[in-house]
Amino acid sequence: LDLAISLGNLGEIYLATNNHKLALQYFNRGLETSKSINDLEGIAGNNNNIGKLLFAEKKYKEASQFGLNGLATARKGKVKLEIKTAAQLLYEISCATHNQSDALMYYQLYISTRDSIVSNESQRALIRQEMQLNFEKQKALDLAETEKQNELATERDKEKNYVTMLDAQQQKYSILEDHTKKVEWALKKEKVKNKFKSIANFFRNKTNSFQKKILAFPWLVGTEKSDN
């Protein structure tokens, strides 16, 4: 199929440059290749191209035959573009040969086929536009959903970070509270220790004072000895 298309394209290039000999060779090769694979569009296209070449050489009868072959094949394959091409060729041949009835018939066929193609292309264009709009709409919805999910994820991250911060603060306060209790307990122990120390000093001082009084009155000690 690719080979048939390539051969036909080369033929059209040579036809456009008025090299009819090479153009005809490529059109014939393209026609044979299309027939070998039963490519109706290729068969119709190459018949139409050969017809246009012969028309340019004013070989109207032969050109008409290839045009009719192209039209019949295009109708069989429902290839509207080649139907239009064949109708235009046959219209121009009819005008050149002053066949007004055929000219009118082929002109009407050309116009109706052209309008049908335009209508189908317009419909396809509308479908493409609708598909594009739906695609853009879905794209916008997907983007909005993605942004929403990102926002939710951000909020969850914020909440998680806040909870982590609170846990850290709680742990910090717990450590500080525990340290404070230890300090307070140490202060209480020190206070009790100092209190007992004060009491001990008090009694020690009393004892020393009493001993001094006894030493100041030695006769009291002697009296106690004589009584015994």
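Numbers here simply count residues along the sequence, with the first being 1. Hydrogens, waters and symmetry mates are skipped; everything else that's a heavy atom, side chains included, is used.
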Q: The criterion is side chain to side chain contact (heavy atoms under 4.5 Å, CB included); which residues satisfy it with S34, sequence neighbours excluded?
A: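 Expected list: A4, D39, I43, N46.
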Q: Rounded to the nearest 0.5 Å, how far apart are CG of L71 and CG of N47?
A: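 Going from the CG atom of L71 to the CG atom of N47 covers 10.5 Å.
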Q: Yes or no on side-chain contact (heavy atoms from CB on, under 4.5 Å) for I117 and R114, after CA distance, side-chain angles and deciding distance?
A: CA-CA 5 Å; I117 292 172; R114 183 198 64 184; 5.7 Å; no
Q: Hey, what do you get for CD (E57) to CG (L54), rounding to the nearest 0.5 Å?
A: 6.0 Å
Q: So, using side chain to side chain contact (heavy atoms under 4.5 Å, CB included) as the criterion, who are the partners of Q65 when residues are at least two apart?
A: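 So Q65 forms a side chain to side chain contact (heavy atoms under 4.5 Å, CB included) with N69.
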Q: Please list every donor-acceptor pair under 3.5 Å in which a side-chain atom of residues 21-31 meets a protein atom from a residue at least two apart or in another chain.
A:
from, atom 1, to, atom 2, distance (Å)
N28, ND2, L24, O, 3.2

Q: Assess, by modelled atom type and distance only, whether the side chains of N99 and S101 contain a donor and an acceptor separated by less than 3.5 Å.
A: yes
Q: Rounded to the nearest 0.5 Å, what's the gap from CZ on R75 to NZ on K78? Could you check?
A: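 Result: 13.0 Å between the selected atoms.
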Q: When you measure from the side chain of T97 to the backbone of I93, do you find a donor-acceptor pair of N or O atoms at a distance under 3.5 Å?
A: yes
Q: Please identify each residue that fulfils salt bridge (Lys or Arg N to Asp or Glu O under 4.0 Å) with E32, with sequence neighbours left out.
A: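 Testing E32 for salt bridge (Lys or Arg N to Asp or Glu O under 4.0 Å), a comparison that skips the adjacent residues, returns none.
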Q: Determine, using ring centers only, whether Y110 and Y91 are less than 6.0 Å apart.
A: no
Q: Where do L40 and N38 land on the side-chain contact (heavy atoms from CB on, under 4.5 Å) test, with the steps shown first?
A: CA-CA 6 Å; L40 296 180; N38 196 32; 4.0 Å; yes
Q: Looking only at heavy atoms, what is the nearest atom pair of E82 and G45, with distance?
A: OE1-CA, 3.4 Å
Q: Are any side-chain N or O atoms of S64 and backbone N or O atoms of K61, one a donor and one an acceptor, separated by less than 3.5 Å?
A: no
Q: Would you indicate whether the side-chain heavy atoms of S116 and K80 approach each other to under 4.5 Å?
A: yes
Q: Going by ring pair (Phe, Tyr, Trp, His ring centres under 6.0 Å), name the residues that satisfy it together with Y60, two or more places apart in sequence or in a different chain.
A: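 For Y60 the ring pair (Phe, Tyr, Trp, His ring centres under 6.0 Å) partners, ignoring immediate neighbours, are F55.
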Q: Is L109 linked to L68 within one hydrophobic cluster, defined over Ile, Leu, Val, Met, Phe, Trp and Tyr using a side-chain heavy-atom separation of less than 4.5 Å?
A: yes
Q: Looking at NZ of K59 and CZ of F66, how far apart are the two atoms once the value is rounded to the nearest 0.5 Å?
A: 10.5 Å
Q: Using 0.5 Å steps for rounding, measure from the CG atom of L53 to the CD1 atom of I50.
A: 8.0 Å
Q: Show me the side-chain donor-acceptor pairs of residues 83-90 shorter than 3.5 Å, one per line, residues at least two apart or across chains.
A:
from, atom 1, to, atom 2, distance (Å)
T85, OG1, L81, O, 3.0

Q: With rounding to the nearest 0.5 angstrom, report the CD to SG distance, Q100 to C95.
A: 8.5 Å
